[in-house]
Colleague: 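Before we start, here is the structure in question, set down as structure tokens.
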2 protein chains.
Amino acid sequence: MPTRNGSKNKRLEKEKQILLAAEKVFAEAGFGGATMQLIADVSGLPKANIHYYFSTKEDLYRRVVSNIFDIWLQAAESFDESSGPAEGIGGYIDAKMEISRRHPMGSKVWASEVMHGAPVIQDYLEDVLVSWTEGRIDVIQRWIDDGLMEPTNPRHLLYMIWSVTQHYADFQHQIETLNGGQPLDDADWQDAKSNVRAIILRGLGIDDTGNETDA
Amino acid sequence: MPTRNGSKNKRLEKEKQILLAAEKVFAEAGFGGATMQLIADVSGLPKANIHYYFSTKEDLYRRVVSNIFDIWLQAAESFDESSGPAEGIGGYIDAKMEISRRHPMGSKVWASEVMHGAPVIQDYLEDVLVSWTEGRIDVIQRWIDDGLMEPTNPRHLLYMIWSVTQHYADFQHQIETLNGGQPLDDADWQDAKSNVRAIILRGLGIDDTGNETDA
DNA sequence: GCATCACTTGACCAATTGGTCAAGAAATTT
DNA sequence: AAATTTCTTGACCAATTGGTCAAGTGATGC
């Protein structure tokens, strides 16, 4: 049997394997409730081996959270490369809904971290998130000044988009319970997406000319 | 010195004192991260005394969560006693925003519990929340059928209201960081409330005839 | 004054926690 | 094939955890 391809990145592969298990455990139990032993079990590795790659629990946790933060920021691209509010805000909503669907555990870890006062990633909040938010507020304000949408406080508009889209990840369990114990299927997600998009865009007085992105 | 009035409810007062401390600790650390010792310290009582009133950590936690659930449901009253969608939905949004402002810790405990799969209050979800939600969906659907608001999936509309209003409690820390490290003041809250209300009602095609409740 | 009750609390316990370590197994380099 | 580096792992440790318990204190009723 030949050597596995990509054998050089053995360390990276192992780290990914551990990070995936850690994300799951942190999402389900929170930082305090998660145990290194459980992360070890889920990843199928002995506990001491986890500590070989990540020296402390907090190290591992920090890596998980910052991974999520990167995904968060990627959704902003559609915002920037847009020609106007319909494409920009609509696309941003679609992108964030898609993240909630594909990375619900990551979203939960993030929510948990922030809810508990962001003890680990406060610097991220103060640096990256603050400046990112200010930049987006400027873009929205310009759209308002140009009469492309109803006057609104851009800051609270962003909060609304964040909360609604992330709700589908963070409160996944509650939503499934209210859905008869079943996960949302394709049609449900399509419904959710178009409802969120429609209400917000109409609420902003933006004409949504059916250019939904279909991830 | 005369006997304190209401001395008979000594037990109830002590329980309240403990529950208040517990709510704070559970909100800040999550169930797993919270320790009975810390709850004892915050409430100013020896740990063994806490266990006299609440036999286990889970008992105490259950009491905290169900207290919050009751407050949750109270906000629904304005929904029922309404004459139409403007008053019903608008009032519900106002009431839930007010709860987020007055009981942010309770909201966090609830969010944490649901995010981790609702291990303790799953029965509440399946019983009370499911039937409450179905009742409210019927009301909204009737408004839609009567042409009082734009056709919308009532279920996802409820999710939107829940997520946006609770966001101001659950992500309080993030919001404060984005607010220059300062808590929202009266004007900020008024701004938040009217923005949320305006976007959602306009998004539903409801004429909001300025009957905001001023809690 | 005495008995019964509710309450308080320091000391304690078994179990679990995050983290260490040394001995070795594999892989890589020379 | 020897040497060196990277990785693996069971056994272990000090600290902390939720929870117990028995000896007390204070009040209430008789």
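Lettering of chains follows the sequences in order, A, B, ..., and the numbering in each one begins at 1. None of these values were measured; they are calculated from a predicted model.
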Colleague: Strictly below 4.0 Å, N to O, side chains only: are A:Glu28 and A:Lys108 in salt-bridge contact?
Modeller: no

Colleague: Measure OH/A:Tyr61 against C1'/C:dG19 and give the value in whole Å, please.
Modeller: 20 Å

Colleague: Check whether the ring centres of A:His116 and B:Phe26 lie less than 6.0 Å apart, and answer yes or no.
Modeller: no

Colleague: Which heavy-atom pair separates B:Phe31 from B:Glu58 by the least distance, and what is that distance?
Modeller: CE1-CA, 4.2 Å

Colleague: Among residues 15-33 of chain B, which residues get a heavy atom nearer than 4.0 Å to DNA chain C?
Modeller: none

Colleague: In a check of salt bridge (charged side-chain N to carboxylate O under 4.0 Å, His left out) between A:Asp94 and each of A:Arg101, A:Lys193, A:Arg197, which one passes?
Modeller: A:Arg197

Colleague: Using a 4.0 Å heavy-atom cut-off, write out nucleotides 6-12 of chain D from 5' to 3' as B (base contacted by protein), S (sugar-phosphate only) or - (no contact).
Modeller: SBBBB--

Colleague: In whole angstroms, how far is the P atom of D:dT20 from the NE2 atom of B:His51?
Modeller: 7 Å

Colleague: Pick from B:Val64, B:Val128, B:Ile121: which one makes a side-chain contact (heavy atoms from CB on, under 4.5 Å) with B:Phe69?
Modeller: B:Val128

Colleague: Tell me, which stems hold DNA chain C, with a stem being 3 or more Watson-Crick or G-U pairs in a row and both distances under 3.5 Å?
Modeller: C:6-30 with D:1-25

Colleague: Take the protein atom CG of A:Asp59 and the nucleotide atom C1' of C:dG18, then report the distance between them rounded to whole Å.
Modeller: 13 Å

Colleague: Pick base, sugar-phosphate or nothing for B:Ala34, based on heavy-atom distances below 4.0 Å to the nucleic acid.
Modeller: sugar-phosphate

Colleague: Answer yes or no: is there a donor N or O on one side and an acceptor on the other, between the side chain of A:Gln17 and the main chain of A:Ser43, under 3.5 Å?
Modeller: yes

Colleague: Output the distance between atom OG (A:Ser163) and atom NZ (A:Lys96), rounded to the nearest 0.5 Å.
Modeller: 9.0 Å

Colleague: Report yes or no: do A:Asp41 and A:Gln37 form a side-chain donor-acceptor pair below 3.5 Å?
Modeller: yes

Colleague: So, A:Asn153 and B:Asn195: side-chain donor and acceptor under 3.5 Å apart, yes or no?
Modeller: no

Colleague: Ring centroids only, cut at 6.0 angstrom: are B:Tyr159 and B:Trp162 within range, meaning strictly under it?
Modeller: yes

